[in-house]
**Q** 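Below is one structure. I have some questions about it.
In what follows, residues are counted from 1 in the order of the sequence shown. The analysis underlying the following values was restricted to heavy atoms, covering all of them including side chains, and did not include hydrogens, waters or symmetry mates.
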Amino acid sequence: MEVVQMQRAWVEYTKSLFREGFLDAQFQQLQLLQDESNPDFVAEVVSLFFEDSERLLSDLTFALEQQSVDFKKVDAHVHQLKGSSSSIGAQRVKNDCIAFRSFCEEQNIEGCQRCLQQVKQDYCLVKSKLEALIRLEQQIVAAGGSIPMEELSC
């Protein structure tokens, strides 16, 4: 695929992520911080988000499997996950966390477990979509092109 085709594919794919509610305007703000002096900025921030999220999801799973669930601890983990997903613009995960926190306040174990499954599902989806987006960006740059940020008017 030539550079122009890859750039067009990148624009369409990125727009679809916004249309489908996977990402919000915060992700665009991250993208605007990336430039020639820091070409891997978004990939690095997203990678940190993946590491942090996987640790938090593991901690949440463990906390909800306990005989006596510490809802304050669960809520603290969900709050962290909400913050990191919000900071990169992972809108679906952030919204799942908002619902999750209300079940923590109610100390509703079944609601928390359902929310955990939804968060895991949406996290896996956004992770695969962001990995595909970053791979496409890397292919564009490797072929000598640039990321066409100006064509994103979501």
**Q** Is there a path from Ile109 to Val74 through hydrophobic residues (I, L, V, M, F, W, Y) whose side chains come within less than 4.5 Å of each other?
**A**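 Shared cluster, yes.
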
**Q** May I ask you to test the Phe18-Gln28 pair for a side-chain heavy-atom distance under 4.5 Å?
**A**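 Sidechains of Gln28 and Phe18: in contact.
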
**Q** Under a 4.5 Å cut-off applied to non-hydrogen side-chain atoms, are Glu51 and Leu48 in contact?
**A**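 They are in contact (side-chain heavy atoms under 4.5 Å apart), so the answer is yes.
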
**Q** Could you tell me the separation between the OG atom of Ser128 and the CG atom of Leu133, rounded to the nearest 0.5 Å?
**A**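 It is 11.5 Å, given to the nearest 0.5 Å.
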
**Q** Is there a path of hydrophobic side-chain contacts, each under 4.5 Å between heavy atoms of I/L/V/M/F/W/Y residues, joining Leu17 to Trp10?
**A**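 Hydrophobic grouping puts Trp10 with Leu17.
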
**Q** Quick one: closest heavy-atom pair of Val3 and Gly145, and the distance?
**A**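 Smallest interatomic distance, heavy atoms only, reads CG1-CA, 3.7 Å.
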
**Q** Check the pair Gln118 / Asp122 against side chain to side chain contact (heavy atoms under 4.5 Å, CB included), numbers first and verdict last.
**A** CA-CA 6 Å; Gln118 187 64 50; Asp122 284 338; 3.1 Å; yes

**Q** Would you please test Leu136 and Met6 for side chain to side chain contact (heavy atoms under 4.5 Å, CB included) and show each step?
**A** CA-CA 7 Å; Leu136 187 52; Met6 286 189 286; 4.2 Å; yes

**Q** Would you check if Leu23 and Leu130 make a side-chain contact, meaning some heavy-atom pair closer than 4.5 Å?
**A**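 Touching, per the 4.5 Å side-chain cut-off.
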
**Q** What distance separates Glu54 CD from Leu81 CG, expressed to the nearest 0.5 Å?
**A**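 That separation rounds to 11.0 Å.
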
**Q** Of all the heavy-atom pairs spanning Ser85 and Val93, show the shortest one and how long it is.
**A**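 Scanning both residues, the minimum pair turns out to be CB-CG1, 3.7 Å.
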
**Q** Would the distance check show the side chain of Gln91 and the main-chain N or O of Phe22 forming a donor-acceptor pair, the cut-off being under 3.5 Å?
**A**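 Pair absent, no side-chain N/O of Gln91 close to backbone of Phe22.
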
**Q** Taking the side chain as every heavy atom from C-beta outward, state whether Val141 and Glu137 have any atom pair closer than 4.5 Å.
**A**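 No - every pair of side-chain heavy atoms lies 4.5 Å or more apart.
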
**Q** Answer yes or no: is there a donor N or O on one side and an acceptor on the other, between the side chain of Ser87 and the main chain of Ser84, under 3.5 Å?
**A**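 Answer holds: yes.
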
**Q** Look at the side chain of Tyr123 and the backbone N and O of Phe50, then say whether any donor-acceptor pair between them is shorter than 3.5 Å.
**A**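 Checking the backbone N and O of Phe50 against the side chain of Tyr123, a donor-acceptor pair under 3.5 Å is found.
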
**Q** How many angstroms lie between NE2 in His79 and CZ in Phe100, if you round to the nearest 0.5 Å?
**A**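 It is 14.0 Å, given to the nearest 0.5 Å.
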
**Q** Hey, does Gln121 have a side-chain heavy atom less than 4.5 Å from the side chain of Gln117?
**A**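 The answer is no, as the side chains (C-beta and beyond) never meet within the 4.5 Å cut-off.
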
**Q** Side-chain heavy atoms under 4.5 angstrom apart, residues restricted to Ile, Leu, Val, Met, Phe, Trp, Tyr: same cluster for Val42 and Phe49?
**A**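 Same hydrophobic cluster.
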
**Q** Do other residues, nucleotides or ligands put more than 12 heavy atoms under 6.0 Å from Phe62 CZ?
**A**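 No, CZ of Phe62 has 12 or fewer neighbouring heavy atoms, counting only those of other groups under 6.0 Å.
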
**Q** If hydrophobic clusters are built from ILVMFWY residues whose side chains come within less than 4.5 Å, do Ile140 and Met149 share one?
**A**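 Yes, because Ile140 and Met149 connect within a single hydrophobic cluster, where side-chain heavy atoms sit under 4.5 Å apart.
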
**Q** Should Lys82 and Ile98 count as side-chain neighbours, where that means a heavy-atom distance under 4.5 Å?
**A**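 Sidechains of Ile98 and Lys82: in contact.
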
**Q** Can you tell me if Ser53 and Lys127 form a side-chain donor-acceptor pair at under 3.5 Å?
**A**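 No, Lys127 and Ser53 have no side-chain donor paired with an acceptor closer than 3.5 Å.
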
**Q** Do the side-chain N and O atoms of Gln66 and Asp70 include a donor-acceptor pair separated by under 3.5 angstrom?
**A**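 The answer is no; no qualifying pair exists.
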
**Q** Taking C-beta and beyond as the side chain, do Phe71 and Glu106 meet within less than 4.5 Å on heavy atoms?
**A**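 A side-chain contact under 4.5 Å is absent here.
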
**Q** Under a 3.5 Å distance rule, please check whether Thr61 uses its side chain to pair with a backbone N or O of Leu57 as donor and acceptor.
**A**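 Looks like yes, one N/O pair under 3.5 Å.
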
**Q** Counting only N and O atoms by type, is there a donor-acceptor contact under 3.5 Å from the side chain of Ser47 to the main-chain atoms of Ala43?
**A**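 No; zero donor-acceptor contacts below 3.5 Å.
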
**Q** So that I can tick it off, tell me whether Asp59 and Lys73 are bridged by a salt bridge, with the cut-off set at under 4.0 angstrom between side-chain N and carboxylate O.
**A**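 No salt bridge links Lys73 with Asp59.
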
**Q** Out of the candidates Cys97, Cys115, Cys112, only one should pair with Cys104 under the side chain to side chain contact (heavy atoms under 4.5 Å, CB included) rule; please name it.
**A**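 Testing each of Cys97, Cys115, Cys112 against Cys104, the sole residue satisfying side chain to side chain contact (heavy atoms under 4.5 Å, CB included) is Cys112.
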
**Q** How many angstroms lie between CD in Gln31 and CD1 in Ile88, if you round to the nearest 0.5 Å?
**A**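 Taking CD in Gln31 and CD1 in Ile88, the distance rounds to 10.5 Å.
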
**Q** Do Tyr13 and Lys129 have side-chain heavy atoms sitting under 4.5 Å apart?
**A**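 Yes, side chains in contact.
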
**Q** Tell me if a side-chain donor or acceptor on Gln26 pairs with a main-chain N or O of Ser86 at a distance below 3.5 Å.
**A**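 Checked: no pair found.
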
**Q** side-chain hydrogen bond (donor to acceptor under 3.5 Å, both in side chains), that's the test. Do Gln34 and Asn38 meet it? Break it down for me.
**A** CA-CA 6 Å; Gln34 182 166 289; Asn38 199 354; over 6 Å; no

**Q** Please determine whether residues Phe41 and Ile147 belong to a single hydrophobic cluster, defined as Ile, Leu, Val, Met, Phe, Trp and Tyr linked transitively by side-chain heavy-atom distances below 4.5 Å.
**A**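 In one cluster with Phe41: Ile147, yes.
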
**Q** Using the rule side-chain hydrogen bond (donor to acceptor under 3.5 Å, both in side chains), only one of Gln80, Gln107, Arg101 pairs with Asp75; which is it?
**A**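 Running side-chain hydrogen bond (donor to acceptor under 3.5 Å, both in side chains) over Gln80, Gln107, Arg101 with Asp75 returns exactly one hit, Arg101.
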
